[in-house]
Colleague: 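First the structure, then my questions, so here it is.
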2 protein chains.
Amino acid sequence: MNECNQQVITIQALQRMPYYIQQLKILKENKVETVSAPRIAELLKLNEVQVRKDFAAVYTAKGKPKTGFPVTELLNNMEELLGYHNINEAVIVGSGSLARAIITDESLQNFGLEIVAAFDLNPADAESCGVKILASDKISNLCRRMKIHIGIITVPAAQAQVVCDQLVAGGILAVWNFTPVRLSVPEYILVRNENLAASFAILSNHLKKTL
Amino acid sequence: MNECNQQVITIQALQRMPYYIQQLKILKENKVETVSAPRIAELLKLNEVQVRKDFAAVYTAKGKPKTGFPVTELLNNMEELLGYHNINEAVIVGSGSLARAIITDESLQNFGLEIVAAFDLNPADAESCGVKILASDKISNLCRRMKIHIGIITVPAAQAQVVCDQLVAGGILAVWNFTPVRLSVPEYILVRNENLAASFAILSNHLKKTL
DNA sequence: TAGATTGTTAATCGATTAACAATC
DNA sequence: TAGATTGTTAATCGATTAACAATC
């Protein structure tokens with residue numbers, strides 16, 4: 001849809017976008033019309049130059065010296081970048097408490113995630129999560145039929161690769177992997193690993209050094 | 001406790017440890033006694049040199065050319081590094097489905113996380129999570145009394161900073177922040193931000209570029 | 001005009017990857 | 001001995017931070 005008319009945005013910058021968006025929304029609510037990079041940097045405890053670069057990478061116009069950036073326009077450009085305006089439909093496999101947490105997470109809904117179905121090996125046993133739960137063998141069919149492009153995996157580690165293969169067979173393009181397994185996928189597919197244990201390792205090691 | 005007798009381990013390397021540990025455990029179960037860096041790299045889809053460097057940073061002895069590393073010893077060194085052997089006690093604030101997911105996550109338990117209490121503004125309303133739920137005003141007291149050093153925050157954004165201040169007052173040293181708020185803390189405290197929206201931004205942007 | 005803020009170019013930092021000699 | 005694998009040093013890559021001229 002949009003060509004390479006914008007500069008490339010780094011993964012790190014992309015991850016800062018939700019923070020900017022959240023902050024800009026607050027400013028907008030408070031009727032603030034323009035904001036400078038140093039001000040945002042101060043509010044979010046980031047480096048001023050970094051904020052300016054991030055804004056420059058996203059904002060279609062140019063900031064005004066002494067004034068800064070128009071809040072609403074900047075916000076729109078950011079939401080555009082993340083596909084906020086065209087909602088991202090996804091399926092989730094697994095229906096434990098983690099799945100429930102993801103399905104009900106408000107901030108994800110704000111960023112355009114819409115979970116259209118959940119799958120479980122035993123749909124009858126599964127907790128209700130506010131989304132209908134289907135048998136896992138229907139994954140590929142449903143994804144293909146509904147043209148879903150995002151698959152979220154929250155099953156036990158042993159089933160992760162099987163589920164992933166089914167999602168790939170269903171035409172998924174991006175996988176959000178909450179299992180500790182390193183998945184094998186064709187290279188055109190993006191896998192984003194979310195590993196709580198990996199994060200916890202950082203905390204744990206810090207304490208060990210400190211105490 | 002342990003001085004700077006080991007080389008410094010990067011955050012990135014630290015985050016790979018849980019993957020190594022998981023893989024080494026599998027090898028150990030299969031009675032494999034030694035393993036080489038290239039083999040682990042292959043299994044986990046990592047760069048061979050990176051694995052070797054990570055091992056060198058953790059392993060107290062030296063690997064043997066042509067043979068590799070002894071599985072059990074290497075595993076022990078890694079678990080030692082993460083404080084696996086001395087369990088990490090923590091409290092969690094908030095008692096929604098995310099809290100429940102964290103409390104019941106098996107891989108976190110395997111890595112030594114032990115959640116000793118959960119807090120909620122209205123303990124009566126809160127779902128049972130297998131841990132007793134206390135009123136939020138008891139946070140500081142309990143942390144101090146039980147010498148807890150890790151605080152996990154899963155409350156709504158609006159309460160995040162207040163809760164964080166209470167944890168800090170209770171003597172916490174590391175905060176695991178699941179809210180989208182950038183917390184203000186004294187500089188001796190480590191804050192690890194877990195932001196689902198930030199991760200989702202990466203997936204969303206990838207799809208936007210691809211489709 | 002003076003001063004705040006911009007955008008850009010250069011320097012720094014941190015992590016990964018490549019190259020290669022040492023060793024079992 | 002030959003070959004696989006090690007550890008180390010150097011090159012590369014990516015991201016952050018600093019320096020500074022341009023501009024409203």
Side-chain angles (χ1 to χ4, degrees), chain A residues 5-17 19-20 23-24 27 32-71 73-74 77 182 190 193 198-199 201-202 205-206, chain B residues 5-17 19-20 23-24 27 32-71 73-74 77 182 190 193 198-199 201-202 205-206:
Chain A
N5 51 357
Q6 302 187 314
Q7 25 176 321
V8 178
I9 290 163
T10 67
I11 290 187
Q12 310 295 326
L14 222 33
Q15 294 194 77
R16 284 187 290 271
M17 291 301 154
Y19 290 103
Y20 295 139
Q23 189 61 60
L24 290 172
L27 293 171
V32 178
E33 293 192 349
T34 59
V35 71
S36 71
R39 175 74 184 128
I40 291 286
E42 185 196 356
L43 288 167
L44 297 178
K45 302 168 194 88
L46 297 171
N47 178 289
E48 165 193 334
V49 183
Q50 186 172 64
V51 173
R52 212 175 301 129
K53 278 213 161 165
D54 287 346
F55 284 8
V58 177
Y59 187 44
T60 47
K62 291 220 166 192
K64 268 204 187 122
K66 181 130 191 181
T67 315
F69 302 80
V71 172
E73 257 180 280
L74 186 56
N77 288 157
R182 311 264 315 176
L190 178 75
N193 294 309
S199 262
I202 298 171
N205 181 258
H206 171 76
Chain B
N5 51 357
Q6 301 187 315
Q7 23 176 322
V8 179
I9 290 164
T10 66
I11 290 187
Q12 310 295 325
L14 222 34
Q15 293 194 79
R16 285 186 290 271
M17 292 301 154
Y19 289 104
Y20 295 138
Q23 189 62 62
L24 290 172
L27 292 171
V32 178
E33 295 191 345
T34 59
V35 70
S36 70
R39 176 70 184 134
I40 291 286
E42 186 196 356
L43 288 166
L44 295 178
K45 300 169 195 86
L46 296 171
N47 179 287
E48 166 194 331
V49 184
Q50 187 172 65
V51 173
R52 211 174 301 131
K53 279 212 160 164
D54 287 347
F55 284 8
V58 177
Y59 186 43
T60 48
K62 290 220 166 192
K64 269 205 186 121
K66 182 130 187 180
T67 314
F69 303 79
V71 171
E73 258 179 281
L74 186 57
N77 287 157
R182 310 264 315 177
L190 178 76
N193 294 308
S199 262
I202 298 171
N205 180 257
H206 171 78

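So that the names make sense, note that chain A is the first sequence line, chain B the second, and so on, each numbered from 1.
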Colleague: Can you give me the dot-bracket string for DNA chain D, 5' to 3', counting Watson-Crick and G-U wobble pairs with both distances under 3.5 Å, using [ ] for crossing pairs and | for partners on another strand?
Modeller: ..||||||||||||||||||||||

Colleague: According to side-chain contact (heavy atoms from CB on, under 4.5 Å), who are the partners of B:Ala13, at least two apart in sequence or on a separate chain?
Modeller: B:Ile9, B:Thr10, B:Arg16, B:Asp54

Colleague: Just the table, please: protein N/O against nucleotides 13-18 of chain C N/O, every pair under 3.5 Å.
Modeller:
| unit_1 | atom_1 | unit_2 | atom_2 | d |
| --- | --- | --- | --- | --- |
| C:dT16 | OP1 | B:Arg16 | NH1 | 2.8 |
| C:dT16 | OP1 | B:Gln50 | NE2 | 3.3 |
| C:dT16 | OP2 | B:Arg16 | NH2 | 3.3 |
| C:dT16 | O5' | B:Gln50 | NE2 | 3.1 |
| C:dT17 | O4 | B:Lys53 | NZ | 3.3 |

Colleague: With A:Arg182, which residues qualify under salt bridge (Lys or Arg N to Asp or Glu O under 4.0 Å), at least two apart?
Modeller: none

Colleague: I'd like to check the side-chain contact (heavy atoms from CB on, under 4.5 Å) partners of B:Pro70; sequence neighbours left out, ordered by chain and number.
Modeller: B:Tyr59, B:Glu73

Colleague: Using side-chain hydrogen bond (donor to acceptor under 3.5 Å, both in side chains) as the criterion, list what pairs up with B:Asn205, not counting sequence neighbours.
Modeller: none

Colleague: Measuring from atom CG of B:Leu43 to atom NZ of B:Lys45, what distance do you get when rounded to the nearest 0.5 angstrom?
Modeller: 8.5 Å

Colleague: Could you write nucleotides 2-7 of chain D as a row of B, S and -, 5' to 3', where a protein heavy atom under 4.0 Å of any base atom gives B, of only sugar-phosphate atoms gives S, and otherwise -?
Modeller: -B-BBB

Colleague: If you take all heavy atoms of B:Val71 and B:Leu24, which pair is closest and at what distance?
Modeller: CG1-O, 3.5 Å

Colleague: Go through the structure and list residues passing ring-ring contact (aromatic ring centres under 6.0 Å, His included) with A:Phe55, not counting sequence neighbours.
Modeller: A:Tyr20, A:Phe69

Colleague: To the nearest 0.5 Å, what is the distance between CD on B:Gln15 and CD on B:Gln12?
Modeller: 6.0 Å

Colleague: If the condition is side-chain hydrogen bond (donor to acceptor under 3.5 Å, both in side chains), which residues does B:Glu48 pass it with, not counting sequence neighbours?
Modeller: B:Arg52

Colleague: Would you give me the side-chain donor-acceptor pairs under 3.5 Å for residues 32-41 of chain B, sequence neighbours excluded?
Modeller:
| unit_1 | atom_1 | unit_2 | atom_2 | d |
| --- | --- | --- | --- | --- |
| B:Ser36 | OG | B:Arg39 | N | 3.3 |
| B:Arg39 | NH1 | B:Glu42 | OE1 | 3.0 |

